[in-house]
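Scroll down for the structure; my scribbles are underneath it.
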Number of protein chains: 2
Amino acid sequence: MRMEQKHCDATETLKKAGLTKTDQRVAVLDALIYADCPLKAGDILQRASRQIKINRVTVYRILSLLCDHKIVREMSFEHGISHYEMACVHNPVHPHFYCRRCGRITCLPPLTLSQAWDWLSQPSDFSVERINVQLIGLCADCRNNENSNSVASEGFIKTSGGKV
Amino acid sequence: MRMEQKHCDATETLKKAGLTKTDQRVAVLDALIYADCPLKAGDILQRASRQIKINRVTVYRILSLLCDHKIVREMSFEHGISHYEMACVHNPVHPHFYCRRCGRITCLPPLTLSQAWDWLSQPSDFSVERINVQLIGLCADCRNNENSNSVASEGFIKTSGGKV
DNA sequence: ATATGAATGCAACAAATTTGCAATCCATAT
DNA sequence: ATATGGATTGCAAATTTGTTGCATTCATAT
């Protein structure tokens with residue numbers, strides 16, 4: 001019987017997705033796998049650079065690739081900067097707290113809708129000024145015209161006539 | 001008896017906030033007041049320019065001012081671009097749908113948590129691939145150190161020991 | 001009408017991200 | 001093991017978004 005892992009393995013992740021293994025991709029994945037909060041591209045460059053030689057542009061390209069393959073989630077808070085986090089089984093979708101003063105991002109526990117109700121009644125260390133709920137996907141038009149150049153068209157939830 | 005207005009009036013909004021009325025501010029507000037979805041700074045510049053002469057920098061400065069005064073809400077979806085919408089009585093906080101293909105943003109109906117549960121069971125025109133929940137405010141550290149330079153410190157919800 | 005502080009325009013800067021192309025690397029078939 | 005070809009990376013430069021400093025213009029209270 002195999003032990004359950006706490007983190008994904010970069011090499012295995014690439015293999016499972018049918019992606020070529022390169023030192024740069026492993027380093028970027030490692031940075032994300034062992035991060036305790038979403039990272040900016042610059043953070044990832046910095047951490048990956050401790051491991052190997054890697055260019056800023058390569059970081060962006062790898063992140064874009066990983067997002068297309070739904071290995072990584074991209075999110076954006078204020079001030080026009082993207083943050084990235086693993087989208088693996090060890091890191092299910094969850095809310096984030098963004099401090100508008102120091103910019104620190106805190107991952108909040110993943111909650112079902114009914115759990116959220118309870119959670120919202122609990123004391124908190126944060127002053128919440130605003131809550132943003134974003135649904136991301138394809139609009140009706142784009143879903144219909146999705147003939148060409150659609151890289152990330154695998155595994156999304158069809159909802160027309162069904163559930164969201 | 002006065003008719004209920006469907007939209008805010010730009011001049012009145014500025015007056016109520018104690019802000020100087022200028023052609024540029026009115027034009028920026030008009031763009032936002034009559035928009036049917038959140039706008040990028042570039043969109044606002046374009047629309048305001050149809051009305052008056054206005055500089056790109058001025059748009060950013062006015063948006064920043066309006067956000068500080070909680071007249072306007074700022075939000076950010078993918079790719080690190082800010083979008084802005086009115087934060088007035090005619091436009092209560094609500095979720096947004098972001099199409100990752102065409103970038104169009106659709107405002108969704110404002111919902112309480114219990115309404116959301118029902119809403120999520122309804123058919124939809126969107127393929128929702130991901131849901132982002134962002135809580136924005138001040139972390140514990142920053143709330144304590146909030147002595148100096150705190151412009152937007154009016155009217156936020158204190159939650160330590162209380163409700164989020 | 002005039003003075004004064006606030007608001008705007010302009011130019012330049014800064015940061016994040018993207019693009020084009022040449023050089024290098026990886027995976028596979030020999 | 002090695003050659004090969006397509007994929008991946010590095011580098012430079014461009015693009016986009018947003019910011020800063022300073023001179024000029026504007027709004028408003030006298």
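Residue numbers begin at 1 in each chain, while the letters A, B, ... track the order of the sequences.
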Is any side-chain nitrogen or oxygen of [X] closer than 4.0 Å to OP1 or OP2 of [N]?
X: B/Thr58; N: C/dG9; answer: yes
X: B/Gln24; N: C/dG9; answer: yes
X: A/Thr22; N: D/dA7; answer: no

Would you kindly give the [atom1]-to-[atom2] distance between [X] and [N], to the nearest whole Å?
X: A/Arg25; N: C/dC25; atom1: CZ; atom2: P; result: 15 Å
X: B/Leu29; N: C/dA7; atom1: CG; atom2: P; result: 14 Å
X: A/Ile62; N: C/dC26; atom1: CD1; atom2: P; result: 12 Å
X: B/Leu19; N: C/dT8; atom1: CG; atom2: C1'; result: 15 Å
X: A/Asn55; N: C/dA23; atom1: CG; atom2: P; result: 16 Å
X: B/Lys53; N: C/dT8; atom1: NZ; atom2: C1'; result: 8 Å
X: B/Ile52; N: D/dA27; atom1: CD1; atom2: P; result: 11 Å
X: A/Lys15; N: C/dC26; atom1: NZ; atom2: P; result: 16 Å

[X], [Y]: one ILVMFWY side-chain cluster at the under-4.5 Å cut-off?
X: B/Ile71; Y: B/Leu65; value: yes
X: A/Leu19; Y: A/Leu63; value: yes
X: A/Ile131; Y: B/Phe97; value: yes

Query - Nucleotide nearest B/Thr20 (side chain, heavy atoms from C-beta), chosen from D/dT9, D/dA27, C/dT8 - result: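 Closest nucleotide to the B/Thr20 side chain: D/dA27.
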**Report entry** Note, B/His96 side chain near A/Gln134 side chain (heavy atom, < 4.5 Å)
**Finding:**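 Not touching, per the 4.5 Å side-chain cut-off.
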**Report entry** Side chain to side chain, B/Val28 and B/Val72, heavy atoms closer than 4.5 Å
**Finding:**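 SC-SC contact between B/Val28 and B/Val72 ruled out.
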Can you give me the N/O atom pairs linking the protein to nucleotides 18-20 of chain D at distances under 3.5 Å, or say none if there are none?
from: D/dG18; atom 1: OP1; to: B/Ser82; atom 2: N; distance (Å): 3.1
from: D/dG18; atom 1: OP2; to: B/Tyr60; atom 2: OH; distance (Å): 2.7
from: D/dG18; atom 1: N7; to: B/Arg56; atom 2: NH1; distance (Å): 2.9
from: D/dG18; atom 1: O6; to: B/Arg56; atom 2: NH2; distance (Å): 2.9

Please list every donor-acceptor pair under 3.5 Å in which a side-chain atom of residues 31-53 of chain B meets a protein atom from a residue at least two apart or in another chain.
from: B/Asp43; atom 1: OD2; to: B/Lys40; atom 2: N; distance (Å): 3.0
from: B/Ser49; atom 1: OG; to: B/Leu45; atom 2: O; distance (Å): 2.6
from: B/Gln51; atom 1: NE2; to: B/Asp30; atom 2: OD2; distance (Å): 3.2

Requested in this report: For A/Arg130 and B/Glu74, indicate whether the former's side chain and the latter's backbone hold a donor-acceptor pair under 3.5 Å.
Outcome: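 Between the backbone of B/Glu74 and the side chain of A/Arg130 there is a qualifying donor-acceptor contact (under 3.5 Å).
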